[in-house]
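Okay, so here's the structure we're looking at.
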Amino acid sequence: MKLWSGRFQKHTEGIVDDFNSSLPFDCRLFRQDIQGSQAHAAMLVKVGILTKDEGEKIQQGLEYILKGMEEGSISLHQEAEDIHMLVETLLTQRIGEAGKKLHTGRSRNDQVATDMRLYVKDTCDETAQALHALCEALLTLAQQYSGDVMPGYTHLQRAQPITLGHWFLVWFEMFLRDIKRVQNAKEAADCLPLGAGALAGTTYPLDRAFVQQQLGMQNLCRNSLDAVSDRDFVLDYLHAANLCMMHLSRLCEELIIFSTTEFGFITMDDGFATGSSMMPQKKNPDVAELIRGKTGRVYGNYVALLTVMKALPLAYDKDMQEDKEGFFDARDTLLKCLSLITPLLTTTTYNLQTLRAKALDGFTNATDLADYLVGKGVPFRDAHSVSGQLVAYCLGKQCALNDVPLTEMQKFSPAIQADVYDALSLDTCVNQRKVLGGPAPDNVRREAVLGWERLKELR
Ligand code: ARG
């Protein structure tokens, strides 16, 4: 018998029940649902709608159901329309008449919105925590490799020398922004809908502020129609999750390229790589590839919910039940990816000699040669041209700029002196890039120290 069957002449069709039911996926809201009901019941006692005795029975009954669901002695796979109906049915089965009074002054519309907000808040905390761990690992790596030279790229062509520590700090900046975005999503979720009823509030003298306090919510939803129809906070989380996945996919892409024999910049730990069923020599970066690949489904979940919400009439529509699976999937996917990327980074070997060698034979110091000439009074355009001609000369000789004898160099420009070799050394090149935000080892060390502070401020 359905809890709402009063006005119906016959049972719903089986395929309709099946189509309508959200229990298979909203069962994971059971903690939030029970927590919300406990706060609601306590408030009903406070304002005199329930007796103390009824309130106690409800609290004990809900406690029992919570424990049973947590331990698995109460199955979450039962015939019920959703988690709210299941909990209420079980409660009435256990405590009798008092159970039927729990839903006084409440609708599943404000109930589900509350459950989702509580769940999103928890998810934001879990995500921020995982991001914190990742940021800490990145800062540690940046400090460890602050002085190690590697080629920096534009257009995936070797461009100028940077430091490996600087490269780690890129990702730190991105994931730090992600923490802020996750915190914004939490703030958006931190608002209590209960009291909005189905759409138009309720005639009962509910104490919404009391429930707010019981549930530890920052704010109260201030319009009953908005309270039941708003899913912005889910989209806010998905937005944060999407940018984070995008950042992860870029990081993984670099790791994948860097681990090729052609680059040879890094060697992934065997524990984080996989083999081929056919080719015995293969060692594949599956973890990084999967993270890169899973970015697609998280994007999809965002677009799906955004589309569900598009042009939805006020207030609640069943379409909104579709907010859950995509959100849960995005949450699970992101948390899993974050739990893998951190150990993937910390167990990887960074091949420092290769990184340095590739910076040198890629002429990443060609700009520095031009800058050196500018220092000797040559206009930049001419200096650029001289440096370019020397690169062409080296390409023919298959050598680095630093290998060209001084007398040869001077044929390209008489302004070149013996001190050119110092200017061309990769360490000079990175040490000189000490403008704020630059890759100089001193900068990297300073930014890493500051990074720990910036991270702490986001706690
Ligand atoms: N399972 C529903 C959902 O997830 C709960 C709210 C149902 N409300 C209603 N009026 N049918 O959205």
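If you're wondering where the values come from, they're calculated on a predicted model, not measured in any experiment. For the single chain, residues carry numbers from 1 onward in sequence order. Start at 1 and go down the list; that is how both ligands and their atoms are numbered.
Aromatic rings from Trp167 and Phe258 are positioned such that their centres are separated by under 6.0 Å.
Annotation for ligand 1: atoms under 4.0 Å from non-hydrogen atoms of Asn109 are 8 (N), 9 (C), 10 (N).
Checking Gln214 against Gln35 by side-chain atom types alone, no donor-acceptor pair falls below 3.5 Å.
Counting only heavy atoms of the protein, atom 12 (O) of ligand 1 lies nearest to Tyr316 OH, 2.5 Å. In terms of protein heavy atoms, atom 11 (N) of ligand 1 is closest to Arg108 NH2, 3.6 Å. The closest protein non-hydrogen atom to atom 5 (C) of ligand 1 is Asp82 OD2, 3.6 Å. Among protein heavy atoms, atom 4 (O) of ligand 1 sits closest to Lys324 NZ, 2.5 Å.
Side-chain atoms of Ser21 never come within 3.5 Å of backbone atoms of Asp17 as a donor-acceptor pair (strictly under, hydrogens ignored).
Under the 4.0 Å criterion applied to side-chain N and carboxylate O atoms, Glu136 and Arg459 are assigned as salt-bridge partners.
Among Asn301, Val303, Thr295, the one residue that satisfies the side-chain contact (heavy atoms from CB on, under 4.5 Å) test with Tyr299 is Thr295.
Residue-ligand proximity: Glu81 is placed with every non-hydrogen atom at 4.0 Å or more from ligand 1. The shell of residues lying under 4.0 angstrom from ligand 1, judged by heavy atoms, includes His84.
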TODO: Determine, step by step, whether Phe25 and Phe328 satisfy the ring pair (Phe, Tyr, Trp, His ring centres under 6.0 Å) criterion, reporting the C-alpha distance in whole Å, the side-chain angles of both residues, the deciding distance to 0.1 Å, and the verdict.
DONE: CA-CA 9 Å; Phe25 48 88; Phe328 291 146; 7.5 Å; no
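Residue-to-ligand polar distances place Gln321 within reach of ligand 1: an N/O pair is separated by less than 3.5 Å.
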